[in-house]
Every structure is written in structure tokens, then in C-alpha cells.
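Remember, predicted model here, so these are calculated numbers, not experimental data.
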Amino acid sequence: MRTADFSTLQRGLRSPLLCSALLLSMLAGCALGPKDGAPDMPQPVHYGVEATPATAGPAQAQQQFVLGERAVPQWWQAYRSTELSGWVEEGLQKNYSLAQAEHNLAGAQEQLRAQIGESMYPTVDASLQSQRQRALGLPNLGSQTNLYNVFAGQISASYTFDLFGVARYANSALAAQVDAQSYQLDAARRTLAANLVIAAVNSAALRAQVATTEQLVALADADVNELQRRQALGAAASDDVLNAQANAASLRASLPGLRTQWQAARHALAVLMGRTPDNAPPDLTLSELSLPARVPVAIPSDLLRQRPDILAADAALKVAAAQEAVATAEMFPSLSINASFGQSGFTWPSAIGASGAVWGIGASITQPLFHGGALRAKRRAAHDAYQAAQDNYRQTVLNAFQNVADSLSALTHDADALTAAAEARSHSEQSWRDTQRRAALGAVAPGTVRTGEKQLQNARLSEIRATAARLADTATLFQAMGVDPAAPVQEVAEKK
């Protein structure tokens, strides 16, 4: 729920006097603050130094970049993996960092309601008092001490007229802060979903890299064994054996690091899902994940209304504008009234009788005259904060444009890298199979077959990395597009 318009929280005022005072407040304070609209930003013709391509990749694995299409709410379903979609949904429901942000937002909304209630409505309190007191008497006039009871009941009310909008602007500032928190929560949801997808992709890719590297180690060990047999027969030099052993050891040394990265990716995925690391889900395979064929690319003007970080920066700008208005309004007079009515007496009969009625009514107006320059200094500080909020908004927009440009560039180059890696793997595989057939006929030595297989496994490693990079960078671009403003905000808390 966005809270910038909090007029619905003020319903129930029926007193003509209070309504007139509130109207006066709105009219008097309407020009005290700066314009809180976002500053104009240049609209790039295209995001990066190169125009956004319509497609990327070969025909069998082509990806379309659809300019002007709306952001996809549940974009992770485009990978067509039931397991992956389930993991993302579980993370959105059970991630504790996200739950913390939701509770902080709920608390901020209640704090806003409390501040509006305190500032826009009169305060009414009831008190009841019963005391027995002992007081000193007057010398030479009766008793030296007096014992008596005091009974009193009273209802008191007070109200401060918001003549120049101090309370109204303060409420607007807090409402904009709540808006900023809600946009930050949207950004946290999008980031969590992207991190879950990327963690799943990395885990699958690292698992495949570990298996491929293990196969390379086995081939290197087979080379060492063959060379050692040949050395025993005098057909191979010791240098050849040592080089083969060094190559096998080097490959074996790369395995622990790969296994560490693989396990770390699985642990990260489990924690993002709200699980303990030992309860990580089983790995997917890269073949289970389909590359999303259509990726929406918002035009720059629409991106300003879709990116939660830009919307949060815009809300922060409204906060700064309202706070500058508050600092200005505090330099003008304030009017307060208070009234009380009750019954009081030294005995219960007198306290509840007509003679025990007590009441009071009063008004006060305060005009700041001299505060040592503090009020003007606060106003200048608030104006500087407003200028800083404008700069923050501009920088946030530029960062968003850069994020989209980098993601588009990465995906374009990922497609080229994957095409080249797939071709290299295909050629290596064909060469290896040809060598296998020749070895079966006795035309080449078994070592030549292993050399071809090693080349194939290395080509597969490159293809695995390129495939994972394209899948992960697609998730990054989906996240960079933000949230469709026409779509309802997903309330994860309702699912719990």
C-alpha cells in the first residue's frame, strides 16, 4: 500500500471549527516548500554506446529484446523449470531478510498513522484523582496540622491549529519515507528473485565443471600411466613422464577450488530460500533450464516509472521537499487552544455536586522572535538536503541506465561467446569421434584418442561457462527492468 496520499486516514473530522482551521492550514502552507517533482532527465536514444539489438544468438538459441514491452512480474517462470520456479517462490515466502523488510514497512505505516492521529486531531484525556493529604496549619490559628481529602475528575482537550502547515508537511515527509521503504521492499523482492536464479544457475554450472574437470584428470592420469609403461620399455624419455605428471597434478589442483565454489553456491541458494545450508536442494542441470526467448526492454521514459530504486529516490526527494517546507513553516506563528471540565471537592458529595464544577479554557499564540539564527540555519540545511536529494535522483537514474546498458551488452556478447564455444565443442567432438574410428582400425595410437577427448572436454568447459553466463545475465536484465506499474504489487506476506 502506497501512503503518499493519506487523506483517508483523516476521515471523521466533523467539527466546522476544526475543518475551517485545517482548510486555513492547507491554504497558508501551500507555497512554503519547493517543488517536489522529480527533475527532468535526458532521455538517451538507446541505452548503450551501440543501439539495442533486436535479437541475439543463432536461430536455434535466439533471444529477442522487445523494446517497449511491459516488465514481466514472475519472470523466472520463463526458464520453464518447475523446480526453479518453486525455489524462487519458496525464497520469496521464507527469506528472513525480506520478512524483516516487510515488518519494518508495516511498522513504518503504523507510525505514520500514529503521527497523523496526533497532529491532525484534538487530544482528549480523562483523569480521576483521589488523595488524602496532611498539611501544616497556620500558627496560633487552630490546629497545627490539617488532614483532608481531595476528590477530582476532569476531562481535558487541546488542539494546535496547523496554520502554516508544520504538521501537514511533517506528515507528508513521513508518508514519503514510508513510500521509499515500500519501493525498497519491491527492489529487495526483485533482487532476491534474481539472486535465487543466478545461484541455481551457478550451482548447476559448477557441478558440470567439476564433472568435466574430473574427466580431464582421469585422462591426464591415463597419459601418465602410458608414458610410464613406455619409459620402462625405453620408448619414452623421463622428461615426457614428468611433464605429463605436472599436467595431471595441475588439473587435480583445480578441483578443490571448483568444489568449494560449487558447495558455496549450493549453500547460498539454501540460505536465500530460508533453509539451513545442509538442506540445500539438489542441483539442476543446465539442460533443464530454457533460455527465455523474449526479454522485455523498457524505453528510458518508462524505466523511470518501473525501477524501484528510481521510485525510492523520487520518494526521498519528496521527503526532502516536505522537510524544507517544515523548516520554513516553523518560522511562522502557531496557535493552540485547550479546555478542561470536571468536578472537584474535599468530599465525594461536594465533588459530584453543582458546587464542585471546575472548568477552564484558554488559547495561546507563539511567534518565534529570536533563536540565535537557528531557524534560518535549519531552513538552509533543509534546502541543501533537498538539493542533495535531487542530485541523488539524477545519479540513480544514470546508474539505472548504465545497469540496463551493461546487461544488454553482456547478453549480446554472451550470445556470441556461446555460439563460438558451441562450434568449438561440435568440431572437437567430431574430430574426437573420427579419431576413435581410426584408433579402432589401428591407424592411430590410444594416446591420440585421449588428446582428442581432452580437447573436447576443454571445449565443453568453455561451453558450460558461456551457457551459464547467458542464463545468469538474462536474470540480471529481467531484474533491471523493474516492476510493471500497472501490475499489482505481490504481497508475499499474504501467502504466509
Side-chain angles (χ1 to χ4, degrees), residues 1-30 32-33 36 97-127 155-189 308 311-330 334-339 382 385 389 483 485 488-496:
M1 180 189 70
R2 307 297 186 208
T3 54
D5 182 9
F6 52 85
S7 60
T8 55
L9 298 177
Q10 303 175 19
R11 293 174 182 170
L13 292 177
R14 293 293 183 266
S15 169
L17 176 61
L18 293 181
C19 291
S20 299
L22 291 176
L23 178 61
L24 176 61
S25 168
M26 295 175 65
L27 294 175
C30 63
L32 296 183
D36 60 3
S97 296
L98 191 59
Q100 178 185 7
E102 290 171 352
H103 289 130
N104 287 338
L105 175 60
Q109 290 171 338
E110 294 302 324
Q111 184 63 37
L112 174 61
R113 292 186 177 92
Q115 179 169 305
I116 291 175
E118 289 180 346
S119 61
M120 304 304 293
Y121 292 88
T123 59
V124 181
D125 298 300
S127 62
I155 294 178
S156 58
S158 63
Y159 183 73
T160 299
F161 292 96
D162 195 22
L163 297 179
F164 293 92
V166 173
R168 182 168 63 88
Y169 282 120
N171 291 341
S172 297
L174 185 56
Q177 288 179 349
V178 174
D179 276 352
Q181 281 189 253
S182 68
Y183 292 128
Q184 290 166 1
L185 178 58
D186 290 343
R189 289 194 183 106
L311 296 174
D314 180 59
L317 185 61
K318 291 180 171 63
V319 172
Q323 288 176 342
E324 182 175 349
V326 170
T328 304
E330 287 178 342
S334 63
L335 173 64
S336 300
I337 61 171
N338 58 78
V483 183
V489 177
Q490 182 185 10
E491 292 293 344
V492 180
E494 295 179 358
K495 298 182 180 180
K496 295 183 178 181

Qualifying residues under side chain to side chain contact (heavy atoms under 4.5 Å, CB included), relative to [X], sequence neighbours excluded:
X    : result
A101 : L185
A316 : none
A187 : P308

Ignoring hydrogens, what is the shortest heavy-atom contact between [X] and [Y]? Give both atom names and the distance.
X    : Y    : value
N171 : S119 : ND2-OG, 2.9 Å
A126 : I155 : CB-CG1, 4.3 Å
A382 : A327 : CB-CB, 4.1 Å
V178 : L105 : O-CD1, 3.7 Å
L98  : R189 : CD1-CG, 3.7 Å
A329 : V166 : CB-CG2, 3.4 Å

Subject >> Worked verdict on D179 versus K318 for side chain to side chain contact (heavy atoms under 4.5 Å, CB included) >> reply: CA-CA 10 Å; D179 276 352; K318 291 180 171 63; 5.9 Å; no
Listed partners of [X] passing side-chain hydrogen bond (donor to acceptor under 3.5 Å, both in side chains), at least two apart:
X    : result
S336 : T160
Q111 : none
T123 : S158
Q184 : none

Between [atom1] on residue [X] and [atom2] on residue [Y], distance to nearest 0.5 Å:
X    : Y    : atom1 : atom2 : result
T328 : F164 : OG1   : CZ    : 12.0 Å
Q109 : L174 : CD    : CG    : 10.5 Å
S182 : N104 : OG    : CG    : 13.0 Å

Subject >> Set of residues satisfying salt bridge (charged side-chain N to carboxylate O under 4.0 Å, His left out) with respect to E118, sequence neighbours excluded >> reply: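 Partners of E118 by the salt bridge (charged side-chain N to carboxylate O under 4.0 Å, His left out) criterion come out as none, since no residue qualifies.
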